[in-house]
Asks: 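Dropping the structure in here first, questions after.
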Amino acid sequence: TMMRTVFASTLLVCHCIWSVGNVASGAEVFRTDRDVFRTAIRESERWTEACAVDSVPALLTLEEMIERVLCHDPQVRHAWADAKYQATIVKVKQSAYLPRLRGSAGITSGHNDTPYEKNEGYSSHGHQRQLENRLGLSWVLFDFGRREAALRNAQLLLVAANAKQDNQLQEALVMAAQLNYDAIAA
């Protein structure tokens, strides 16, 4: 029964660790999309739909020209990715205020066979198996402002990244409008 209890607890720890890892890899748990300017957020599937390369008609409307410039301007995409990255860094810095939970499980086994030819009474045969489970919880309560400073720094970098993204969008819109008016004038 002891062996079953240890095995069950090992499975439970493994399941918990796997569940947390699965959630983190499958979904964006930090919800960084709330911290990046909404004007340029588009998920990758929507980028491919809206940015499909079709044949260019003889004359584009201003809306179509802006759509094409926003879809294909690498600086706009870079600014969006940078803002998204900075939003993620803010969430990571916020996670420093949360407790840490660590778990591990291990199995060790060994086999001992020591034969004595002259005296069988001294010979030994043995098998040893050891199961080990560990679960640790730690929580930093005082760090004399270190986490707060790191979080504030990340928040200011996010503000800068959002401003850069906004500026890049404005430049792209002006460029698209200028290209459209130049094409109409020509």
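Computed from a prediction, not measured in an experiment: that's the story for all the values here.
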Asks: Not counting sequence neighbours, which residues clear side chain to side chain donor-acceptor pair (under 3.5 Å) with Glu148? List them please.
Replies: none
Asks: Would you name the heavy atoms of Leu151 and Val90 that are closest together and state the gap between them?
Replies: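 Smallest interatomic distance, heavy atoms only, reads CD1-O, 3.7 Å.
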Asks: Compare every heavy atom of Ala176 with every heavy atom of Leu62, then report the nearest pair and how far apart it is.
Replies: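 Taking Leu62 first and Ala176 second, the nearest heavy atoms are CD1-O, 4.4 Å.
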Asks: CD/Gln128 to CG/Asn112 distance, rounded to the nearest 0.5 angstrom?
Replies: 9.0 Å
Asks: Minimum heavy-atom separation for Arg102 to Ser138, with atom names?
Replies: NH1-OG, 3.5 Å
Asks: Applying side chain to side chain contact (heavy atoms under 4.5 Å, CB included), can you list everything that pairs with Leu137, at least two apart in sequence or on another chain?
Replies: Pro99, Leu101
Asks: Go through the structure and list residues passing side chain to side chain donor-acceptor pair (under 3.5 Å) with Ser109, not counting sequence neighbours.
Replies: none
Asks: Please enumerate all residues that pass side chain to side chain contact (heavy atoms under 4.5 Å, CB included) together with Phe144, with sequence neighbours excluded.
Replies: none
Asks: How long is the gap from CG on Leu157 to NZ on Lys164, to the nearest 0.5 Å?
Replies: 11.5 Å
Asks: Any donor and acceptor pair, going by atom type alone, linking the side chain of His127 with main-chain N or O of Gly110 inside 3.5 Å?
Replies: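 Yes: the side chain of His127 pairs with the backbone of Gly110.
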Asks: Using every non-hydrogen atom in the two residues, find where Leu158 and Ala83 come nearest and quote the distance to one decimal.
Replies: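 Heavy atoms only, the tightest pair is CD1-O, 3.6 Å.
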Asks: Roughly how far apart are Asp73 CG and Ile66 CD1, rounded to 0.5 Å?
Replies: 13.0 Å
Asks: What pair of heavy atoms forms the shortest contact from Val76 to Leu70, and how long is it?
Replies: CG1-O, 4.1 Å
Asks: About how many Å separate CE of Met175 and CD of Glu171, when rounded to the nearest 0.5 Å?
Replies: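 Between atom CD of Glu171 and atom CE of Met175 there are 9.5 Å.
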Asks: Looking only at heavy atoms, what is the nearest atom pair of Leu135 and Gly103, with distance?
Replies: CD1-CA, 4.0 Å
Asks: Keeping the roles fixed (side chain from Arg77, backbone from His72), state whether a donor-acceptor pair exists under 3.5 Å.
Replies: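 The answer is no, because no donor-acceptor pair under 3.5 Å joins these two groups.
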Asks: Mind checking side chain to side chain contact (heavy atoms under 4.5 Å, CB included) for Asp143 and listing every partner two or more places apart, or none if nothing turns up?
Replies: Val140, Arg146, Arg147
Asks: Roughly how far, to the nearest 0.5 Å, is the CD atom of Gln165 from the NZ atom of Lys84?
Replies: 10.5 Å
Asks: With sequence neighbours excluded, what pairs up with Gln168 under the side chain to side chain donor-acceptor pair (under 3.5 Å) test?
Replies: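 With sequence neighbours excluded, Gln168 shows a side chain to side chain donor-acceptor pair (under 3.5 Å) to Gln75, given in chain and number order.
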Asks: Check this for me: Arg152, atom CZ, are more than 12 non-hydrogen atoms of other residues, nucleotides or ligands nearer than 6.0 Å?
Replies: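 No, CZ of Arg152 has 12 or fewer neighbouring heavy atoms, counting only those of other groups under 6.0 Å.
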